[in-house]
Protein chains: 4
Amino acid sequence: MSEALATADLPALPLGPISPAKARILAVAVDLFYERGYERTTVRDIAERAGILSGSLFHHFKSKQEILYTAMAATTQAMGEAAVAATEGVGDPREALRALMLAELSAIHREDGHAAYVLVDEWRSLDEEHRAAILKLRDGAYERAWRDTLDALGAAGRLRNNPRIARQLIRGALAWSRHWMREDGPLDLASLADEVLKTFVRD
Amino acid sequence: MSEALATADLPALPLGPISPAKARILAVAVDLFYERGYERTTVRDIAERAGILSGSLFHHFKSKQEILYTAMAATTQAMGEAAVAATEGVGDPREALRALMLAELSAIHREDGHAAYVLVDEWRSLDEEHRAAILKLRDGAYERAWRDTLDALGAAGRLRNNPRIARQLIRGALAWSRHWMREDGPLDLASLADEVLKTFVRD
Amino acid sequence: MSEALATADLPALPLGPISPAKARILAVAVDLFYERGYERTTVRDIAERAGILSGSLFHHFKSKQEILYTAMAATTQAMGEAAVAATEGVGDPREALRALMLAELSAIHREDGHAAYVLVDEWRSLDEEHRAAILKLRDGAYERAWRDTLDALGAAGRLRNNPRIARQLIRGALAWSRHWMREDGPLDLASLADEVLKTFVRD
Amino acid sequence: MSEALATADLPALPLGPISPAKARILAVAVDLFYERGYERTTVRDIAERAGILSGSLFHHFKSKQEILYTAMAATTQAMGEAAVAATEGVGDPREALRALMLAELSAIHREDGHAAYVLVDEWRSLDEEHRAAILKLRDGAYERAWRDTLDALGAAGRLRNNPRIARQLIRGALAWSRHWMREDGPLDLASLADEVLKTFVRD
DNA sequence: CATGAATGAGGGTTCATTCAT
DNA sequence: AATGAATGAACCCTCATTCAT
């Protein structure tokens, strides 16, 4: 998994159109992967919850792997678009960073959004070949937005760490929130973002 | 995994004596879990690498689950002892924190034999019943050392965040390093610890 | 397969008209059966090569079995007609036999003619019920031509074996040529026919 | 199958020891392949007839393919030894040829062992890689015995055809007997051998 | 303690066939 | 006629676990 940083420059990947049937399968598959993990989820489980028979799954995806990959790719793409949208036209890089963190947090914590979780947790279940494709996708929009924002802060001397290192520390800090934050707890996502912000950014 | 914080107060758990044969099996099992994950590791893989036949495994452990559980429990216990040892007699809480982070980092990166990554990565592969036991163990010594250290820093006004929140942010930041740090990279574990230290601790 | 000789006397069988669409499907199916065998050929393979979708196949044939049967029946019929044409008006039974052998050989070796091959090789893939129909067809014209010719030679004392036995030995010898003759080899089909002729027929 | 003649010079192939359990599985597998063909025989069929469960098969063979291959290899080896034994010390090449033909015929028709049948009929079901191994084995002893015998007859001017061609014609004639000879028919294997003998050999 | 054959449930996947559109 | 999603049984194979030796 250390190749997580070794990415190429431009995105790629067809992904193909996602029909309603495919979308439904993806949705239940993601839920199941979230609940039980990829390995422990059987294609029969997925089919049953999608209301079809297991054989029918393979009409839409040619393997269980492809289901995982497609879910991850779609999530990556959606997160990229959200990140771009969140930072577009935001002048202050501090505000841009807050927006990016909020976007990442809400992807992770959104009720219907087990997808972001699966993206991280099932990385090891993904074939070598598919990983590269996801990494390319991720680097295309999502990580570029982060990079630009952190670089701007760094250039202004407002970051306590090197921007590359800051990115990784923040990412880990946010991702882990999955394990301890509670909806009914005292801390909401915006407060958490502020908390992290004041830790990493001066002033 | 959000129950990771909901722990009882006192440790418990027999674990039983660990014979040399058991230790050998545990060591190779941990290696394998690290390489392929729990689900993708077969008992035959473990037995083969341990130099025995698969049937013989079950004279030492009554199930594959028990191997995972025992590995996790032993790791947890060892980490607790290491944390206590690392902080004992250290006057400056800043230094104590650095020691705790270094211990956690080296366990995560398998520089010692503690295999902390299994604790995080294979948490979901552990049966419900075994999870509670591990959580109890973990809370016993390990987390207490962290708590005491961070509380001391907080009381001295040297922490940028609430100690409870700081613990979680740091834990996430450190755990994620597994995904991006490279042995041959420019950053070593000690430098990473310093990097995190200066982010979270004033001065 | 020993029932190969237990045939009734007269032909029968509708077979129905073969539309151009059907003919195309049969052609590609035969090629596929030849290349991969009946069992390993999927209806999707056939449909794809025929330029249609698998569901559409079943508008022309009611099952995969029927495709095999129809191909075999058509081949059998064509070979029968060729045999009759080849021997009609040939006075010398030795010449008639040469003509029959050449017809059989060229059916087997003809470039577009995997059909004769399939007829032999996929016999076991044919349902019991369909086999009888093919055998009847075969007995109708094709085998009668052979029988008449060999009987004539036998009556003239020019055969080294009983005509019935000779037929089977010759058939085996010719069929096996599939496995060892090469287009670019030193032996052509006519020479092979002569070779067999001089072995079985005196003078 | 045209590569059936393109063989290298020397045998090879470990095959490994054949335990009683393996032998039993091979025996029933061969019967089944004979009755239904390789593709139509399921591993559960084999296991059931062998009196074990399907999973246990894979203790002895790592795949269904390997069962086929092992059966073919064992048969080939046995036939080679039989051919050598049958011709050893036989002075008259005519008698040697009769012995070889009888050996081939009884392998094809042997009541207790359909293995030689499978060797021919399921050739296409064998993986490319395994075919080469079988061909090598076959050429080692079996075909050499045939070649030597026919060459001797040819050198003495007692063959109606070139020895190489004669081998192929005879092989086809004998193999085909499987399709028309009946146990209860008027012709036994020895008579059939004589019949072929007088066709191909002068005097 | 170790062996290794056997278990048997269950895994992912294939595929001929059906049928509403 | 053609489509293509859906079916559902069957396929080969895997694997944690048991147990007689």
Side-chain angles (χ1 to χ4, degrees), chain A residues 19-22 24-25 38-48 50-68, chain B residues 19-22 38-48 50-68, chain C residues 19-22 25 38-48 50-68, chain D residues 19-22 24-25 38-48 50-67:
Chain A
S19 66
K22 275 181 121 158
R24 165 141 190 73
I25 292 168
Y38 177 79
E39 311 282 356
R40 283 223 242 280
T41 301
T42 74
V43 294
R44 279 174 180 84
D45 291 337
I46 299 173
E48 187 184 15
I52 56 178
L53 290 195
S54 75
S56 309
L57 272 186
F58 295 88
H59 235 281
H60 303 284
F61 300 94
K62 65 180 208 284
S63 67
K64 188 186 171 190
Q65 256 303 300
E66 205 190 65
I67 296 177
L68 177 61
Chain B
S19 68
K22 275 181 120 159
Y38 175 79
E39 310 284 356
R40 275 200 268 280
T41 300
T42 73
V43 294
R44 272 184 178 77
D45 292 336
I46 300 173
E48 186 186 14
I52 57 178
L53 288 195
S54 74
S56 309
L57 271 186
F58 295 86
H59 285 287
H60 303 285
F61 298 94
K62 69 176 210 282
S63 69
K64 187 184 171 190
Q65 255 307 296
E66 205 191 62
I67 296 177
L68 177 62
Chain C
S19 67
K22 276 180 119 160
I25 292 169
Y38 176 79
E39 309 283 356
R40 273 201 267 280
T41 300
T42 73
V43 294
R44 272 184 179 77
D45 291 336
I46 299 173
E48 187 186 15
I52 56 178
L53 288 197
S54 74
S56 310
L57 270 185
F58 294 86
H59 285 285
H60 302 284
F61 299 94
K62 70 177 206 282
S63 69
K64 186 185 171 191
Q65 227 354 258
E66 205 191 63
I67 296 177
L68 177 62
Chain D
S19 66
K22 273 181 124 159
R24 166 140 191 74
I25 291 169
Y38 176 79
E39 311 282 357
R40 282 219 246 278
T41 301
T42 74
V43 295
R44 274 182 178 79
D45 291 337
I46 299 173
E48 187 184 14
I52 57 178
L53 290 195
S54 75
S56 308
L57 272 186
F58 296 89
H59 236 281
H60 303 284
F61 300 94
K62 68 178 205 283
S63 68
K64 188 185 170 191
Q65 260 296 309
E66 204 190 65
I67 296 178

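To find a chain, count down the sequence lines: A is the first, B the second, and so on, and within it residues start at 1.
Note: CG (D/Leu57) to P (F/dC12) measures 10 Å, nearest angstrom. Straight-line distance from the CD atom of D/Glu48 to the C1' atom of F/dC11: 15 Å, rounded to whole Å. Spacing between atom CD of C/Glu39 and atom P of F/dC11 amounts to 11 Å, rounded to whole angstrom units. Here F/dC13 presents its P atom at 17 Å from CG of D/Leu53, a figure rounded to the nearest Å.
C/Thr42 comes within contact range of the sugar-phosphate backbone alone, with a heavy-atom separation under 4.0 Å but no base atom that close. Heavy atoms of D/Ser19 sit nowhere under 4.0 angstrom from any nucleic acid atom. Within 4.0 Å (heavy atoms only), D/Ile52 reaches sugar-phosphate atoms of the nucleic acid but no base atom.
Counting all heavy atoms, side chain and backbone alike, D/Lys64 lies closest to D/Thr41 at NZ-O, 2.8 Å. Residues D/Ala50 and D/Arg24 approach most closely at O-NE, 3.4 Å, considering heavy atoms.
In the set F/dT3, F/dT7, F/dC13, the nucleotide with an atom closest to the side chain of D/Phe58 is F/dC13. Considering only the side chain of B/Arg44, F/dC15 comes nearest among F/dC15, F/dA9, F/dT14.
From C/Leu57, atom CG reaches atom CD1 of C/Ile67 across 5.0 Å, with rounding to the nearest 0.5 Å. Taking OH of C/Tyr38 as the reference point, atom CD of C/Gln65 lies at 4.0 Å (rounded to 0.5 Å). Considering NE2 of B/His60 and CD of B/Glu66, their distance stands at 12.0 Å, rounded to 0.5 Å. Within the model, atoms CD1 of A/Ile25 and OG of A/Ser19 stand 7.5 Å from one another, a figure rounded to the nearest 0.5 Å.
Separation of the C1' atoms belonging to E/dC1 and F/dT21 is 13 Å when rounded to the nearest angstrom.
Of all nucleotides in DNA chain E having an atom under 4.0 Å from a heavy atom of chain C, the first and last in 5' to 3' order are E/dC15 to E/dT18.
Across the interface with DNA chain E, nearest-nucleotide mapping of A/Gly55 and D/His60 shows D/His60 to be the residue nearer the 5′ end. For B/Ser63 and A/Ala21, each mapped to the nucleotide of DNA chain F holding its nearest heavy atom, the one lying further toward the 5' end belongs to A/Ala21. The 5' end of DNA chain F is approached more closely, in terms of each residue's nearest nucleotide, by C/His59 than by the other of C/His59 and D/Arg40.
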Report the secondary structure of DNA chain E in dot-bracket form, marking unpaired bases with a dot and bases paired to a different strand with |, and treating Watson-Crick or G-U pairs with both distances under 3.5 Å as paired. .||||||||||||||||||||
